[in-house]
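These numbers come from the heavy atoms of this one structure, side chains and all, not from hydrogens, waters or symmetry mates.
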Amino acid sequence: MSKPLLFPASVVGSLPRPAFVLDLINDRPPVSAERYTHEMQAAVRYAVAMQEHAGLDVVTDGEWWRKSYIGVIAELAHGFELGTAPDGRPMTVVTDKLSPKNPGFIAREVTFLKTITNRLIKSTLPSPALLGERMWHPEKSAKAYPNRDDFVRDCVPILRRELELVREAGAGIVQIDDPHLCLFVDHDVRGKYTDPDAAADFAVDTVNEVVSGISGVKIAVHLCRRAGGRARGEVCHGGGYGPIIPHLNKLKAHHLTMEFTAPQAGDMTVFRELREDLEIGLGCVDVTPGQVDSAETIVSRVRKALEFLAPERITLNPDCGFAPGSGAAVSLDETYQKLSNEAEAARILRAEHG
């Protein structure tokens, strides 16, 4: 039996969308369903070919089929009102009780990917608590869900069914995106909650309800302080991972993606406190526009992690997705260079560790 590949090179999820893809998903100009599918498939083929040529071992479709990486929940369930935020980004608010709408929307992304690549496929779903933070409104949602937590709980069966379908479609990795959980590293965020540890436990418990008992696919959880917000000039939350380590150890997951290119990410000694069976998707590539890390810079970050982690536990990836929100203006060519350097770093590390 061959040994598992050391230091696989991966992405977190989203890739920058070219202008024509943004026009396509926003129906500018309107096209037929057949033309939409044809053009989007062509776009996704390009996104995958770019990742393959860069040398990645794990690929996604860039989340290009989705208007919003978390707003995709509105494709899976009735009960949402769709609008536009002041900055032009899609805005989704729950206004009615949830009911299944179009199960398999995300699974069909995987089905198409299986026809165009032999690389390991990662698919992503938003976490229940993240949906609660972003899509529950104290006034607009009150009639259906006076309590935010009740909305979060109703997201669980919708997401679990989609996870089952994504697994059946053939994804190798399913990643639950939960930047909300990671914000509990920030002292200021914790201060907004009467019991921040109970709130973090609730986020973990609902992820566990989504993934519990699911076999045949690697479950990952993506953690970040909205590192992708660097693409929009947003403030990133500070604080090392220490305050949430007990919560992370409760996750029914095989893999955690964690950002480590920014100083506010804290010290890598926290790896000593994580369960030894957890793989780490090491955020070792900066997603900040204009900042292109060399392969050697990436290697140096991984070497630091190797002081605490066995090589078999490390996957290389950027800190976050490259296009957080459809309004983020990020260069696809620059992203290609960053991913190429990541893949080169992986080759250097494999040569060092055999």
Side-chain angles (χ1 to χ4, degrees), residues 9-28 39-54 56 58-75 84-85 87-92 105-106 109 112-113 121-127 130 134 175-179 182 220 222-236 257 259 261-262 281 283 285-293 317-342:
S10 180
V11 284
V12 168
S14 64
L15 294 172
R17 291 178 169 117
F20 98 88
V21 172
L22 285 172
D23 281 348
L24 191 59
I25 64 174
N26 289 307
D27 212 25
R28 300 190 300 250
E39 293 184 2
M40 188 59 80
Q41 286 182 344
V44 170
R45 286 179 187 275
Y46 175 84
V48 172
M50 183 271 286
Q51 293 172 81
E52 290 182 336
H53 198 72
L56 295 189
V58 182
V59 302
T60 72
D61 62 4
E63 299 176 353
W64 282 6
W65 293 96
R66 310 180 191 186
K67 288 190 176 184
S68 162
Y69 85 101
I70 63 169
V72 71
I73 186 67
E75 300 286 352
T84 304
D87 63 0
R89 283 182 277 170
M91 183 174 63
T92 307
F105 181 90
I106 297 175
E109 297 175 347
F112 177 65
L113 278 175
I121 290 170
K122 176 190 281 189
S123 181
T124 63
L125 284 79
S127 75
L130 178 64
R134 304 282 182 88
Q175 176 180 283
I176 309 298
D177 291 319
D178 201 351
C182 198
H222 169 219
L223 306 159
C224 80
R225 302 158 182 76
R226 297 179 185 165
R230 300 175 206 165
R232 297 192 295 264
E234 295 176 359
V235 175
C236 295
T257 64
E259 58 173 323
T261 70
V285 180
D286 197 329
V287 296
T288 306
Q291 177 64 45
V292 180
D293 295 325
N317 54 252
D319 264 352
C320 192
F322 282 103
S326 59
V330 183
S331 165
L332 189 58
D333 288 338
E334 181 182 288
T335 297
Y336 168 71
Q337 186 61 58
K338 291 183 180 186
L339 296 178
S340 297
N341 292 353
E342 177 189 322

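Defined by atom type and a distance below 3.5 Å, a donor-acceptor pair is missing between the side-chain atoms of Asp333 and Gln337. Between Asp319 and Thr261, the side chains place a donor N or O and an acceptor N or O closer than 3.5 Å (distance only, hydrogens not considered).
Residues Phe20 and Ala43 approach most closely at CZ-CB, 3.7 Å, considering heavy atoms. Taking each heavy atom of Ser331 and Pro16 in turn, the nearest pair found is O-CG, 4.1 Å. Considering all non-hydrogen atoms of both residues, Lys338 and Val285 come closest at CB-CG1, 4.1 Å. Heavy-atom minimum distance, Ala323 versus Leu15: CB-O, 3.2 Å. The two residues Val12 and Pro318 come nearest to each other via the heavy atoms CG2-O, 3.3 Å. The minimum heavy-atom distance between Val287 and Phe322, with the atom names listed, is CG1-CE2, 4.0 Å.
The OG1 atom of Thr92 sits 9.5 Å away from atom NZ of Lys67, with the distance rounded to the nearest 0.5 Å. For the atom pair CD1 (Ile70) and CG (Leu125), the distance works out to 12.5 Å, reported to the nearest 0.5 Å. From Leu130, atom CG reaches atom CD1 of Ile73 across 10.5 Å, with rounding to the nearest 0.5 Å. Glu342 contributes atom CD, which lies 10.5 Å from atom CG of Asp293 (distance to the nearest 0.5 angstrom). To the nearest 0.5 Å, atom CZ of residue Arg45 and atom CG of residue Asp61 are 13.0 Å apart. One distance of note links CG of Asp178 with CD1 of Ile176; it measures 9.0 Å at 0.5 Å rounding.
With contacts defined as side-chain heavy-atom distances shorter than 4.5 Å, the pair Val21/Glu39 does not qualify. Side-chain contact between Tyr46 and Leu332: present, with at least one pair of heavy atoms (C-beta onward) separated by less than 4.5 Å. Within the 4.5 Å cutoff, no side-chain heavy atoms of Thr257 are placed close to those of Cys224.
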| task | Could you give me the CA-CA distance, side-chain angles and deciding distance for Cys320 and His222, then say whether side-chain contact (heavy atoms from CB on, under 4.5 Å) is met? | result | CA-CA 8 Å; Cys320 192; His222 169 219; 3.9 Å; yes
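Test Glu63, Glu75, Arg66 against Ile106 for side chain to side chain contact (heavy atoms under 4.5 Å, CB included) and you get one pass: Arg66.
The side chain to side chain contact (heavy atoms under 4.5 Å, CB included) test applied to Thr60 returns Val11, Gln51, Lys122, not counting sequence neighbours. Listed by chain and number, the residues in a side chain to side chain donor-acceptor pair (under 3.5 Å) with Arg28 are Asp23 (sequence neighbours excluded).
Aromatic ring orientation, Trp65 versus Phe112: perpendicular (interplanar angle above 60°, classes split at 30° and 60°).
Environment of OH in Tyr336: crowded, with over 12 heavy atoms of neighbouring residues, nucleotides or ligands closer than 6.0 Å.
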